[in-house]
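Below: the structure, in structure tokens.
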2 protein chains.
Amino acid sequence: MSRAKARAALMQELENALRRSSAQGVIFGQTVANTVGISGSDLECLDFLNLEGRVTAGRLAEMTGLTTGAITGVIDRLEKAGLVRRERDPADRRKVFIAIVPENLARIGRFYEHMQRGMVKLWESYSDAELKLLLEFATKGYETMLAATEELKSMVEAPRPKPAKKSKRS
Amino acid sequence: MSRAKARAALMQELENALRRSSAQGVIFGQTVANTVGISGSDLECLDFLNLEGRVTAGRLAEMTGLTTGAITGVIDRLEKAGLVRRERDPADRRKVFIAIVPENLARIGRFYEHMQRGMVKLWESYSDAELKLLLEFATKGYETMLAATEELKSMVEAPRPKPAKKSKRS
DNA sequence: ATATATATCTTAGTCACTAAGATAATTAGC
DNA sequence: GCTAATTATCTTAGTGACTAAGATATATAT
């Protein structure tokens with residue numbers, strides 16, 4: 001096999017591996033959600049809250065791609081489960097910040113332990129330089145996906161080049 | 001900052017980056033599905049079919065974690081959209097193989113093009129050795145998630161150590 | 001032959017989602 | 001300051017994908 005072909009094959013393998021692991025990540029998430037007794041979207045929102053800290057309901061809608069109405073439902077369920085708290089912004093009383101309730105989040109952490117241990121074990125097998133390479137790859141991959149998502153949205157949001165406002169009505 | 005601390009911080013960054021990109025991957029998938037006009041699960045199944053080739057309905061259920069009833073619906077919709085075909089196994093007529101219809105799949109490929117280009121560009125910036133490192137990481141990450149998923153399922157499937165059929169009734 | 005097992009499909013009911021509009025608070029124009 | 005427009009969340013009605021349980025059809029075992 002030529003060097004170029006070998007490289008193309010390597011990239012194909014990498015693509016498949018990334019897709020497989022991405023799909024498995026989705027399934028893992030669903031499984032955690034089932035175990036906890038909440039929906040996949042609910043868990044996804046919790047995850048965003050963990051990453052970004054206290055955010056408004058509207059921002060959650062943006063981040064997840066759900067409507068604000070759906071987010072209201074998500075927050076209702078998470079709040080009832082004691083996992084998050086609504087906090088009205090005193091400076092702008094229209095806004096509702098959603099904040100995690102760390103005490104109760106602990107009981108979810110339990111379901112990530114096995115995963116966490118496995119991942120740490122994997123990460124530990126790499127040198128600092130290798131970890132940096134992986135971090136850069138993950139970051140750039142994220143940026144690529146974000147850009148592709150925006151591109152796709154713009155394709156779908158402007159599908160009609162205008163109803164062609166005919167100057168002469170038929 | 002000590003070396004150990006710097007390394008821990010690096011790992012934390014890597015974890016966040018992986019979670020972010022994983023979340024964005026989910027959103028990208030949802031966006032593609034919306035654009036195509038099918039559900040997220042439908043697209044996920046198509047993706048599995050692309051990776052694994054012709055598979056049975058039951059295997060799709062296993063792979064996605066959906067019930068066989070739900071898979072029937074997925075296949076019905078995909079078949080109606082002309083994206084897959086049901087093929088009864090002549091050797092075991094209970095089985096239904098699901099096969100992609102490549103001609104019609106092309107119109108979906110269009111929505112992956114931008115993403116694909118971005119990813120190829122990213123991959124090309126790495127040496128063969130680096131690509132191998134990334135492939136290994138993705139593969140091991142997949143295996144870790146798979147194991148964690150199985151572990152989680154066993155936690156939930158055997159939550160009660162049996163009604164304890166006591167040998168000596170109290 | 002009959003029973004059991006396997007693979008998919010059907011049915012009834014549930015739950016999260018969207019679209020549209022209601023409510024409430026803020027900002028802008030006059 | 002008063003009215004209009006804007007922003008942020010919530011409410012409501014209706015839709016669609018999902019699960020659980022059981023039906024159907026085929027295959028294997030005793």
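Quick caveat: nothing in here was measured; it's all calculated off a predicted structure.
- Applying the side chain to side chain contact (heavy atoms under 4.5 Å, CB included) test to A/Lys80 and every residue at least two apart in sequence or in another chain returns nothing.
- For A/Glu62, the side chain to side chain contact (heavy atoms under 4.5 Å, CB included) partners two or more places apart in sequence, or in a different chain, are A/Arg59.
- The side chain to side chain contact (heavy atoms under 4.5 Å, CB included) search around B/Ala17 returns A/Leu135, A/Ala138, A/Thr139, not counting sequence neighbours.
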Show every donor-acceptor pair shorter than 3.5 Å between a side-chain atom in residues 98-112 of chain A and any protein atom, with sequence neighbours excluded, or say none if there are none.
{"from": "A/Asn104", "atom 1": "ND2", "to": "A/Gly82", "atom 2": "O", "distance (Å)": "2.8"}
{"from": "A/Arg107", "atom 1": "NH2", "to": "A/Ala81", "atom 2": "O", "distance (Å)": "2.7"}

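- As a whole-Å value, the separation of B/Glu62 CD from C/dT6 P is 13 Å.
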*In the 5'-to-3' direction, what one-character label does each nucleotide of nucleotides 6-20 of chain D receive under the scheme B = base within less than 4.0 Å of a protein heavy atom, S = sugar-phosphate only, - = no such atom?*
-BSBBB-----SSB-

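- We find that CZ of A/Arg93 is positioned 17 Å from C1' of C/dT27, with the value rounded to whole Å.
- The interatomic distance linking A/Lys80 (NZ) with C/dA16 (C1') rounds to 13 Å, in whole Å.
- The salt bridge (Lys or Arg N to Asp or Glu O under 4.0 Å) check on B/Glu79 picks up B/Arg86, with sequence neighbours excluded.
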